[in-house]
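Here's the structure we're looking at; comments come further down.
No hydrogens, no waters, no symmetry mates; every other heavy atom, side chains included, goes into these values.
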Amino acid sequence: MTEAIELRVPLEPGAQGVVDQYRAAALPPLEQGTAQQAREGYRATSLRAGFEPERDVRARDLTIGAGGNPLRTRIYEPEAAIGPRPLIVYLHGGGWVMGDLDTHDSTCRLLARQAGAILVAVDYRLAPEHPFPAAVEDAVAALRHVPAAVAGLGIETAGLAAAGDSAGATLALVAALALRDEATPSALALFYPAGDMGRRTASMDEFSSGYPLTSSTLRWFRDLYLDDVALAGDWRASPARHPDFGALPPTLILSVGHDPLRDDTIALAGRLKREVRGSEHRHLPDQMHGFLTLGGVIAPARGELDHAARFLRQAMGLGPVLEREGESA
């Protein structure tokens, strides 16, 4: 029996403020502009409204040779954390069209800090210049090659996890499914992913206007990402269509109430809970899609990343984050 959840309540004040500003600005929706214009706007918003950067997290950019297609990555290493450190491969959101290492820099810094982890963010190829399955290929290559690249730098890690938000969460799930017979991670954290790009749900109709992400924007992303809408039937585009989740590791999946993807994410969470031992579904009925990259103005974002950090460490058999004497979170 599926546990009943409250799908939507009024927005949390910080998220309401974001939506109010968006509506007051009366900006045209993303789908009325170009992909480059969407990227520039997304980048500006992320940099303006992100978390205050964690200054005690070292970051360095590294290009990794991965099957003939070099991957740009950014490696985050908390200075204070000691003891077993997981390796987290992070795939950013942005509808497969937007996002880069900078749009998610403050989010990745904070997750690395809270998890006491080596976190490697991946700058995968974007549509429409690089349509499906380019992003999938990069996500799979990242899970295959990042561990060896980090080890080659002399960085010791205690197991592999994968995480991502929105499109990046979908890619993390797809990559884990693709590699389940070889290099599957030991844990996943998926923040408001898409499960089935060909499925129409009630929440798609519910959020057709008035929010930064609407159903029409989602369709625009899909059409830029997929050369043919029939490709939505490929499980690499719609992981909910994969026949068997049984080999996946414990997975945390987060859905939010004010999101055209809400019902799709909840359906995906139901399968993960049924088929994957140790999985957890968190639903925030008062939050909006994309809030984890707006932590400077949406206060609960920090707590959700903290919860994800604890989940990943526990799923990987690691204890609480340890820090050098005299240093604290």
Side-chain angles (χ1 to χ4, degrees), residues 1-12 15 86 88 90-91 93 107 111 114-115 161-177 180 184-197 199 201-204 206-207 213 218 235 238-293 295 298 300-317:
M1 180 176 179
T2 302
E3 182 182 354
I5 62 174
E6 190 169 23
L7 293 179
R8 178 169 70 123
V9 300
L11 279 166
E12 174 270 335
I88 301 174
Y90 194 92
L91 297 155
T107 299
L111 181 56
Q114 291 176 313
D165 62 292
S166 194
T170 303
L171 290 172
L173 176 57
V174 168
L177 287 167
R180 61 186 189 153
T184 187
S186 300
L188 296 173
L190 310 177
F191 309 123
Y192 31 83
D196 190 335
M197 297 181 72
R199 180 173 181 245
T201 65
S203 61
M204 294 283 285
E206 189 176 345
F207 298 99
L213 181 68
L218 282 176
W235 69 263
S238 299
R241 301 196 185 198
H242 193 284
D244 182 15
F245 283 0
L248 287 172
T251 300
L252 170 67
I253 183 167
L254 174 68
S255 57
V256 292
H258 295 251
D259 183 359
L261 286 174
R262 181 193 65 208
D263 296 349
D264 189 27
T265 303
I266 289 173
L268 185 63
R271 270 200 68 188
L272 286 163
K273 288 276 289 180
R274 291 191 301 271
E275 298 181 37
V276 182
R277 187 181 183 89
S279 291
E280 177 186 348
H281 174 211
R282 284 174 69 81
H283 180 69
L284 304 182
D286 65 347
Q287 271 307 334
M288 58 178 283
H289 189 97
F291 79 103
L292 289 177
T293 50
I298 300 180
R302 180 175 290 268
E304 289 307 310
L305 287 180
D306 187 52
H307 181 87
R310 292 195 303 270
F311 176 92
L312 291 174
R313 289 188 67 89
Q314 183 175 358
M316 299 173 76

Legend entry - Qualifying salt bridge (charged side-chain N to carboxylate O under 4.0 Å, His left out) pairs with a residue from residues 247-262, counting only residues at least two apart or across chains: Glu206-Arg262
Inset, instruction - Give the minimum heavy-atom separation between Ala161 and Leu312, together with the two atoms involved. - result: CB-CD2, 4.1 Å
Inset, instruction - Work out which heavy atom in Asp244 is nearest to a heavy atom in Arg271; give both atom names and the distance. - result: N-NH2, 3.8 Å
Legend entry - Contact check, side chains of Thr184 and Pro249, non-hydrogen atoms, under 4.5 Å: yes
Legend entry - Considering all heavy atoms, the nearest Gly93-Ser166 contact: CA-CB, 4.2 Å
Inset, instruction - Supply the atom-to-atom distance Ile88 CD1 to Leu111 CG, rounded to the nearest 0.5 angstrom. - result: 4.5 Å
Legend entry - Close side-chain approach of Thr170 and Pro239, heavy atoms under 4.5 Å: yes
Legend entry - Minimum-distance pair of heavy atoms, taken over all atoms of Arg180 and Leu177: CG-O, 3.2 Å
Inset, instruction - Determine yes or no for a side-chain-to-main-chain donor-acceptor pair under 3.5 angstrom, with Glu275 supplying the side chain and Phe245 the backbone. - result: yes
Inset, instruction - Test side chain to side chain contact (heavy atoms under 4.5 Å, CB included) on Gln287 and Ile298 and set out the steps. - result: CA-CA 9 Å; Gln287 271 307 334; Ile298 300 180; 3.4 Å; yes
Legend entry - Nearest-0.5 Å distance that lies between atom CG in Leu213 and atom CG in Leu261: 6.0 Å
Legend entry - Main-chain N/O of Ala240 paired with Asp196 side-chain donor or acceptor, under 3.5 Å: no
Legend entry - Residues that Asp286 engages under side chain to side chain contact (heavy atoms under 4.5 Å, CB included), provided they are two or more places apart: Val9, Glu12, Leu284
Legend entry - Matching residue for Leu173 among Leu91, Thr251, Leu248 - test: side-chain contact (heavy atoms from CB on, under 4.5 Å): Leu248
Legend entry - Interatomic distance, Leu268 atom CG to His281 atom NE2 [nearest 0.5 angstrom]: 9.5 Å
List the atom pairs, with distances to 0.1 Å, where a side-chain N or O of residues 185-194 and a protein N or O form a donor-acceptor pair under 3.5 Å, not counting sequence neighbours.
{"from": "Tyr192", "atom 1": "OH", "to": "Phe291", "atom 2": "N", "distance (Å)": "3.4"}
{"from": "Tyr192", "atom 1": "OH", "to": "Leu292", "atom 2": "N", "distance (Å)": "3.2"}

Inset, instruction - Could you grab the distance from atom CZ of Arg313 to atom CD of Gln114, nearest 0.5 Å is fine? - result: 12.0 Å
Inset, instruction - Just grab all the ring-ring contact (aromatic ring centres under 6.0 Å, His included) pairs involving residues 255-277, residues at least two apart or on different chains. - result: Phe207-His258, Tyr211-His258
Legend entry - Arg310: side chain to side chain donor-acceptor pair (under 3.5 Å) partners, not counting sequence neighbours: Asp306
Inset, instruction - Could you please spell out the steps behind the side chain to side chain contact (heavy atoms under 4.5 Å, CB included) verdict for Met204 and Asp263? - result: CA-CA 8 Å; Met204 294 283 285; Asp263 296 349; over 6 Å; no
Legend entry - Pairwise distance CG(Leu254) to CD(Glu280) - rounded to 0.5 angstrom: 9.5 Å
Inset, instruction - Using the test side chain to side chain contact (heavy atoms under 4.5 Å, CB included), find all partners of Gln314 that sit at least two apart in sequence or belong to another chain. - result: none
Inset, instruction - Return the minimal non-hydrogen interatomic distance between His283 and Ser255, and the atom names on each side. - result: ND1-OG, 2.7 Å
